[in-house]
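Encoded as structure tokens, the structure appears first; notes follow it.
Positions are given from 1, in the same order as the sequence printed here.
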Amino acid sequence: MKLDKTTETMLIFLSVLAIIFTGYYVEVICSRNTLASEYSSYLSLTGSRLSDEVYATMDITEQTQTNSEVQTRYDFTIYNNTKGSLSNWIAFVEVEKGATILDSWNAGVSVVDNGSIMVVPEYYNLSFAQGENVTFGFVVSSGKNMYPNRILFKGYSSEVEGGTFFRKIIYVALGIWAVLFIGFLVSGFNQRNYKEKQKNDVRIILQSMNTFISFIDAKDPYTRGHSRRVAMYAAEIAKRMHLSEDEVQNIYYAGLLHDAGKISVPDAVLNKPGKLTDEERKQIQDHTVAGGKMLKQLSSLRGIRETALYHHERFDGTGYPEGLKGESIPLYARIVGVADSYDAMSSNRVYRRHLNKDEIIEEIQEGSGTQFDPSIVTYMVDMINDGYVNVVKMETAEHEEGAGDFHLTEDDIPGVYMGF
Ligand SMILES: [Fe+2]
């Protein structure tokens, strides 16, 4: 499956979030309501040791007395000396029956069980760490002078000793997940490096080809940009024919090098302004065979040699150099043949302007089944109609100065459309 960079980054981000949240919730699930201990002791004004780990003090800070009742303010502090933090704690303070609560702070308090005041922490002191303390207090009214007897404190520890089986399983799974995830990242990185290397190889191939094409251009400046345009038209036809990415790439290379054999045609013939003699025409036509020979060494790029050799064959078998017919002409050569002819028709010549869009379409359709493979003509005509060809011309504009084709006379038409 091929992912674009944004999707890949998003997936990595989501995976990291999933790992973090799973870990967090396992921690929460495993820690919730794990009773650390219950501590209980009788209260004294000098402080009550509930256990070695939890200590409580109580102060009577204010007291008022009327004929019928006594109002007393009590302040409590609980000290945490356990190994971890205490959370979701709760305390019960035993008081006289009939006592009513008038006020409270730092905690929610209520009378329960006929004689106990239940203390539930406010959210801000729900949890307190080792070495810290919480304070709370209340004012109660009672019929006579009251003294709380006993305090019961229940602390729920957030620190789980050892670990549950479930917790261990989840952590092992998380570990495996993390290792796989890192493996996925590393392999993605390697793949990117490999792709980068592949891109670099393609760059080197293209640079070599462009260097070679510049030799051809130097020999015949009127064809400047021709090979690049043909390569782009041919690759687009291949794409629209749903050929594989590798095939499209190879057809592009084949288009770039289809006229490589021109390098062996003497300059005097290639640039001759007048009518060509039969011998000169033969010399130009021989660029196909020469190209085929030159590119024989390039066997690792499939179809390059055949395209140079056969791009002037005609579908009806009247082309050159071998007079191949129909589908016995290699597919790349048939595609490049159409692209080559389109470029020749749409380029200016020394002796005439380029043909207009309708003229070109007419000319190509006339050649369908005789000069060109009809199934390829359809794609070329579509590319002309939907404007793709103009995109190619714009993209290759810098190569187009002096664009034209061979210096042939009008007598050579329609051969000139073939670009020779
Ligand atoms: Fe050619």
Side-chain angles (χ1 to χ4, degrees), residues 25 27-164 167:
Y25 277 106
E27 197 59 35
V28 167
I29 289 164
C30 291
S31 305
R32 186 180 295 162
N33 292 335
T34 305
L35 185 62
S37 203
E38 276 185 34
Y39 311 101
S40 138
S41 175
Y42 288 98
L43 282 164
S44 78
L45 281 175
T46 53
S48 303
R49 180 176 289 276
L50 276 64
S51 74
D52 285 344
E53 293 158 329
V54 179
Y55 191 78
T57 60
M58 180 189 74
D59 278 329
I60 294 172
T61 49
E62 207 179 310
Q63 198 163 51
T64 54
Q65 197 162 0
T66 62
N67 288 340
S68 57
E69 60 168 25
V70 182
Q71 285 181 16
T72 316
R73 175 190 164 124
Y74 299 98
D75 283 288
F76 294 85
T77 305
I78 309 282
Y79 297 89
N80 175 13
N81 294 323
T82 64
K83 285 178 191 155
S85 62
L86 291 170
S87 53
N88 299 324
W89 57 271
I90 192 166
F92 292 90
V93 181
E94 278 182 17
V95 292
E96 300 280 326
K97 281 182 186 170
T100 53
I101 300 163
L102 300 177
D103 192 13
S104 67
W105 48 96
N106 291 352
V109 298
S110 54
V111 179
V112 291
D113 214 12
N114 218 7
S116 268
I117 290 178
M118 183 172 76
V119 181
V120 180
E122 295 286 3
Y123 69 92
Y124 49 82
N125 60 11
L126 202 64
S127 172
F128 60 118
Q130 178 190 20
E132 288 183 355
N133 59 63
V134 282
T135 58
F136 59 90
F138 45 78
V139 176
V140 290
S141 160
S142 55
K144 54 178 181 172
N145 200 355
M146 186 196 80
Y147 185 83
N149 298 319
R150 212 164 168 263
I151 183 163
L152 173 69
F153 179 85
K154 289 183 180 185
Y156 293 86
S157 175
S158 63
E159 187 191 66
V160 176
E161 285 178 23
T164 61
R167 195 187 208 203

Considering residues at least two apart in sequence or located in another chain, which fulfil the side-chain contact (heavy atoms from CB on, under 4.5 Å) criterion with [X]?
{"X": "Thr64", "answer": "Gln71"}
{"X": "Gln63", "answer": "Val70, Thr72, Asn145"}
{"X": "Ser68", "answer": "Thr66"}
{"X": "Asn106", "answer": "Tyr124, Asn125, Thr135, Phe136"}

Asn133 and Tyr55, any side-chain heavy atoms less than 4.5 Å apart: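 No, side chains not in contact.
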
Minimum-distance pair of heavy atoms, taken over all atoms of Pro121 and Trp89: CD-O, 2.9 Å

Closest approach of Met58 to Pro148 (non-hydrogen atoms, all atoms of both residues):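 Met58 and Pro148 have their closest heavy atoms at SD-CG, 3.8 Å.
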
Mind checking the [atom1]-[atom2] spacing from [X] to [Y]? Nearest 0.5 Å is all I need.
{"X": "Leu102", "Y": "Thr100", "atom1": "CG", "atom2": "OG1", "result": "5.0 Å"}
{"X": "Ile101", "Y": "Phe138", "atom1": "CD1", "atom2": "CZ", "result": "7.0 Å"}
{"X": "Asp103", "Y": "Ser141", "atom1": "CG", "atom2": "OG", "result": "12.5 Å"}
{"X": "Glu94", "Y": "Ile117", "atom1": "CD", "atom2": "CD1", "result": "11.0 Å"}

Trace of the side-chain contact (heavy atoms from CB on, under 4.5 Å) decision for Val93 with Tyr74: CA-CA 11 Å; Val93 181; Tyr74 299 98; over 6 Å; no

Pairs touching residues 62-74 that satisfy salt bridge (Lys or Arg N to Asp or Glu O under 4.0 Å), sequence neighbours left out: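 For residues 62-74, and leaving out neighbouring residues, the salt bridge (Lys or Arg N to Asp or Glu O under 4.0 Å) pairs sorted by first residue read Arg73-Asp75.
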
Any donor-acceptor pair under 3.5 Å from Ser116 side chain to Met118 backbone: no

